[in-house]
Amino acid sequence: MKTTWLHDLFDLFFPNLCFACQKRELQKNAVLCYACHRSLPTTDMHTMKENRFTDRFFGRVYLQAGAALYHFKEDTAVQQLIHQFKYEDKPKIGRILGEQYGHQLMKNEQFSSVDLIVPVPLHPKKERQRGYNQSDFFAKGLANSMKKPWLKTGLKRTKYGESQTRKSQTDRFQNVLESFDLRDNAALEGKHILIVDDVLTTGATLEACASKVLSLPNTKVSMATIAIAGTI
């Protein structure tokens with residue numbers, strides 16, 4: 001009884017607000033208020049074999065499937081949601097969104113055939129600074145609802161914070177490619193791997209991770225992110 005009273009008192013002065021709009025109170029185990037849940041720009045990419053997500057990788061790596069939950073634009077509720085997730089110590093956002101999106105992905109045959117879910121890794125130093133790998137929490141949520149295993153240690157990041165400013169486009173990709181490596185070949189080989197990240201922008205990071213996985217015999221790759229940047 002005492003714990004419940006203290007919890008109610010805390011909620012009175014520090015209400016659990018929507019992570020997107022920061023205005024409305026949340027229901028239990030939610031990250032979005034009803035209004036934001038209905039208004040955020042969701043995609044239907046998971047229903048299509050070819051879409052804006054897979055087009056981003058055309059001629060670069062072959063994907064079985066690719067999709068993002070939201071369209072991303074700056075100065076919007078989606079950006080606020082991602083910011084809270086990555087920089088404000090709110091990892092549960094990724095887990096809950098992953099659980100919600102996983103139910104949608106399982107309705108698509110390409111995604112339902114996934115064998116293993118692997119997050120894009122952070123460099124160990126970056127993960128210690130942040131306290132968690134945001135992509136791993138998204139991966140956990142997807143794994144829960146898709147009923148698939150996930151493996152945090154499938155890939156590793158070997159370089160930390162190297163500037164790309166003075167590099168050509170080719171050199172930039174080569175540098176990103178060299179920033180990742182395989183960590184558990186046996187667990188990945190011969191499987192359909194779903195690689196997940198928070199936001200798809202240029203696609204260089206996901207491409208580098210996919211290239212490493214596809215270097216193993218008999219592997220297939222799909223991708224999923226919380227959001228995709230670019231023109232709708």
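Computation of the quantities below employed the complete heavy-atom set of this structure, encompassing side-chain atoms and omitting hydrogens, waters and symmetry-equivalent molecules.
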List the atom of C33, the atom of C18, and the distance in Å for their closest heavy-atom pair.
N-SG, 3.3 Å

Is the shortest heavy-atom distance from the side chain of F57 to the side chain of M223 under 4.5 Å?
yes

Sub-3.5 Å donor-acceptor pair from the side chain of R95 to the main-chain atoms of P91, do we have one?
no

Which residues pass the salt bridge (Lys or Arg N to Asp or Glu O under 4.0 Å) test with K220, not counting sequence neighbours?
none

Pairing of E99 and K92 as salt bridge, 4.0 angstrom limit
no

Does any non-hydrogen side-chain atom of V118 lie less than 4.5 Å from one of L194?
no

State yes or no: do V120 and L151 share one hydrophobic cluster built from I, L, V, M, F, W and Y residues joined by side-chain heavy-atom distances below 4.5 Å, directly or via other members?
yes

How close do A229 and V199 get, heavy atom to heavy atom, and via which atoms?
N-CG1, 4.4 Å

Is there a path of hydrophobic side-chain contacts, each under 4.5 Å between heavy atoms of I, L, V, M, F, W or Y residues, that connects F111 with M48?
no

Whether over 12 other heavy atoms sit under 6.0 Å from E109 CD
no

Test side chain to side chain contact (heavy atoms under 4.5 Å, CB included) applied to P124 and E127, R128, K126, the passing residue
R128

Applying salt bridge (Lys or Arg N to Asp or Glu O under 4.0 Å) to D197 and not counting sequence neighbours gives none

Heavy-atom closest contact (C36 atom, A20 atom, distance):
SG-CB, 3.9 Å

Electrostatic pair D198:K86 at N-O distance under 4.0 angstrom
yes

Closest heavy-atom contact between T54 and A65?
CG2-C, 4.3 Å

Is any side-chain heavy atom of I117 closer than 4.5 Å to a side-chain heavy atom of V196?
yes

Donor-acceptor pair, side chain of T219 and main chain of V213, under 3.5 angstrom:
yes

Minimum heavy-atom separation for Q79 to K73, with atom names?
CB-O, 3.7 Å

Please examine the side chains of T43 and H71, heavy atoms only from C-beta on, and report whether any two atoms are closer than 4.5 Å.
yes

Is it the case that over 12 heavy atoms from other parts of the model lie below 6.0 angstrom from the CD atom of E178?
yes

Worked check of side chain to side chain contact (heavy atoms under 4.5 Å, CB included) between H46 and K107:
CA-CA 8 Å; H46 62 282; K107 297 176 182 179; 5.6 Å; no

For Y132, what residues pass the ring pair (Phe, Tyr, Trp, His ring centres under 6.0 Å) criterion, not counting sequence neighbours?
F137

Is there a side-chain contact between K159 and H123 in this structure, where contact means two heavy atoms from C-beta onward sitting under 4.5 Å apart?
no

Indicate yes or no: at least one non-hydrogen side-chain atom of Q64 is less than 4.5 angstrom from one of V221.
no

Working to the nearest 0.5 Å, report the span between OG of S135 and CG of L206.
8.0 Å

Check whether R56 reaches the backbone of T201 with its side chain - one donor and one acceptor, N or O, closer than 3.5 Å.
yes

Please report the C-alpha distance between H192 and S222 in whole Å, then the side-chain angles of each, then the deciding distance to 0.1 Å, and finally whether the side-chain hydrogen bond (donor to acceptor under 3.5 Å, both in side chains) criterion is met.
CA-CA 7 Å; H192 180 184; S222 292; 2.7 Å; yes

Any side-chain heavy-atom pair of I226 and I82 under 4.5 Å
yes

same_hphob_cluster(L116, L63) at 4.5 Å side-chain heavy-atom cutoff
yes

May I have the step-by-step check of side chain to side chain contact (heavy atoms under 4.5 Å, CB included) for F85 and K90, ending in yes or no?
CA-CA 5 Å; F85 176 37; K90 301 294 191 305; 5.5 Å; no

Can you see which heavy atom on P121 is nearest to which on N133, and at what distance?
CA-ND2, 3.7 Å

About how many Å separate NZ of K148 and CD1 of I193, when rounded to the nearest 0.5 Å?
11.5 Å

Using a 4.5 Å cut-off on heavy atoms from C-beta on, say whether the side chain of L142 contacts that of L105.
yes

For atom NE2 of H37, is the number of surrounding heavy atoms from other residues, nucleotides or ligands below 6.0 Å larger than 12?
no

